[in-house]
Number of protein chains: 2
Amino acid sequence: MTGLRARQKEDRSRKILDAARTLFEKNGIEGTKIEDIANHAGVSGVTVHNYYRTKAGILINLIIENDSLLLDKLETRCTQENLFDLSVMFSRTIAEHAVSNLRKVVWRQVIAAVTTDNAGDIASAYFEQDQKLARFLIGKIRSLQRDGCIPASVNVEHLGKAIFHLQNARFIQFVCSEELTSDDVAHRIRNDLSAMFAVNPPGSAAVKIHPQN
Amino acid sequence: MTGLRARQKEDRSRKILDAARTLFEKNGIEGTKIEDIANHAGVSGVTVHNYYRTKAGILINLIIENDSLLLDKLETRCTQENLFDLSVMFSRTIAEHAVSNLRKVVWRQVIAAVTTDNAGDIASAYFEQDQKLARFLIGKIRSLQRDGCIPASVNVEHLGKAIFHLQNARFIQFVCSEELTSDDVAHRIRNDLSAMFAVNPPGSAAVKIHPQN
DNA sequence: TTGTAAATCTTTAGTGAGTAAAAATTTTTA
DNA sequence: TAAAAATTTTTACTCACTAAAGATTTACAA
């Protein structure tokens, strides 16, 4: 049995988040004061801070809510049977999804907060989601390797993380520029991977390495 | 002949930057108020804002000052005759240089500001420096290709940018974690590149692409 | 040399995010 | 049902940042 207190808490956080979404949509992030959100949600300004700490804290929760469907979408669309097309679709899907409900400016604010709020709750929440996406990609790549599409000598953990980081860099570039489209992202990832995959391993690339993130 | 006005401006911006560097070092960024910097430099708080706009604006100038020697350092150290070692040294040198005079927190603040201040002066200054570094790497890679170390079919622009973005992702990870060392960066880039270079080009990787960033 | 124009700085006043703590309120529980 | 615990609101504060008016200094032309 959930106590009244727990239900009220749930209710308030919902109201605050809904108010924030509405007002951000209507007046923009800069044009929305914490006080406005508080009024709209029927609580005091300090309560908003108590629930979400900062404006970016509200935003990261909008993103998390939005991203609950992303993994399903990836599962549906990332069925390619070669590494190249898989990676491109992975990147494209993430970019498209990111802007399907939220504006780029939301992402910029959150990424900035994650960068500074070292190991804070915002950073943790963001990294957790990132982690899930990276695991997904690595899993797909592992399947490809099992099917013989990727040499058995390749470390799929390393490969997956490398491609994920590349995707991430292009994603940040994407949200930092209002002009760039998800087509552009796919296109650039294509260029990145074509070039990288066309380089034959030099002798020194066979350096022995111990596993690490 | 430089007028008195120009000299005073030069002098003031120097004093502000020196005061900022000193106080940041002594009391940390959070522990240093704009007013403190102003007092220490002998100007008013508003003048500090007029000169550097924001706290991050001061920081980016500290970074620019610091980075004036980076390209020389890269030129000296990046003499490898294979792509793999070159890329690793490139990444390592940037990471080492970044923390040789400034703390990681400075980089975090600036990267955050660059992310949000879309197309502002802070972002421009940062991207300009990034651009120089990317051009440097591409130049080196082009030399390698001329020497026959890289297949002629590889687009060096694309390859250079891909590796640079990967380096950038690892660099951000580096400054976002107080634990990570430049050895760790080198190590991870090694893992990234070993995996990427070991993947043989799938048929679909030969997609025709037109040049773009 | 001197007075006016232009540039620059300081003062003043304000907005808004975020924090801390005391006071008021509500829920829980014994 | 009254005391204890949790939670919210009120209050008061710090600090970054901005805008505009007023003061000061430099530049320059007569």
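The figures that follow rest on heavy atoms only: side chains count, while hydrogens, waters and symmetry mates do not. The model shown is predicted, which means the values in this text are computed figures rather than measured ones.
Within 6.0 Å of CZ in B/R103 there are 12 or fewer heavy atoms belonging to other residues, nucleotides or ligands. The local environment of NZ in A/K104 is crowded, with over 12 non-hydrogen atoms from other residues, nucleotides or ligands closer than 6.0 Å.
Between D/dT26 and B/R7, no contact under 4.0 Å exists linking OP1 or OP2 to a side-chain N or O.
Under 4.0 Å is where a charged nitrogen must lie from a carboxylate oxygen, and between A/D192 and A/R188 no such pair does. A salt bridge does not link B/R14 to B/E10: none of the charged nitrogens lies less than 4.0 Å from a carboxylate oxygen. Between B/D36 and B/K26 there is no salt bridge, since no side-chain nitrogen of the basic residue lies less than 4.0 Å from a carboxylate oxygen of the acidic one.
Under the 6.0 Å cut-off for aromatic ring centres, A/F171 and A/W107 qualify, their centroids lying closer than that.
As rounded to whole Å, 14 Å separates atom C1' of D/dC17 from atom NZ of A/K55. Distance B/Y52 OH to C/dC9 P: 12 Å, rounded to the nearest Å. Taking atom CD1 of residue A/I58 and atom C1' of nucleotide C/dG18, one finds them 12 Å apart after rounding to whole Å. Taking atom CG of B/D11 as the reference point, atom P of C/dT8 lies 15 Å away to the nearest angstrom. In this structure, B/N39 atom CG and C/dT11 atom P are separated by 11 Å, rounded to whole Å. Atom CG of A/L23 is separated from atom C1' of C/dA17 by 16 Å (rounded to the nearest Å). Between the P atom of C/dG18 and the NZ atom of B/K33 lies a distance of 19 Å, rounded to the nearest Å. The distance between atom CD1 of A/I34 and atom P of C/dT19, rounded to the nearest whole Å, is 10 Å.
Residues B/A6 and B/E35 each lie close to DNA chain D; by heavy-atom proximity, the contact nearer the 5' end of the strand is made by B/E35. Projected onto DNA chain C by closest heavy-atom contact, A/L4 and A/H49 fall at different nucleotides, the more 5' of which corresponds to A/H49.
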Worked verdict on A/D130 versus A/F164 for side-chain contact (heavy atoms from CB on, under 4.5 Å):
CA-CA 9 Å; A/D130 254 25; A/F164 182 75; 3.8 Å; yes
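Scanning atom types as modelled, no donor and acceptor separated by under 3.5 angstrom connect the side chain of B/R5 and the base of C/dT8.
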Could you list all N or O pairs between the protein and nucleotides 8-11 of chain D that sit under 3.5 Å apart?
{"from": "D/dT8", "atom 1": "OP1", "to": "A/R12", "atom 2": "NH1", "distance (Å)": "3.0"}
{"from": "D/dT8", "atom 1": "OP1", "to": "A/Y51", "atom 2": "OH", "distance (Å)": "2.6"}
{"from": "D/dT9", "atom 1": "OP2", "to": "A/S44", "atom 2": "N", "distance (Å)": "3.1"}
{"from": "D/dT9", "atom 1": "OP2", "to": "A/S44", "atom 2": "OG", "distance (Å)": "3.1"}
{"from": "D/dT9", "atom 1": "OP2", "to": "A/T47", "atom 2": "OG1", "distance (Å)": "2.2"}

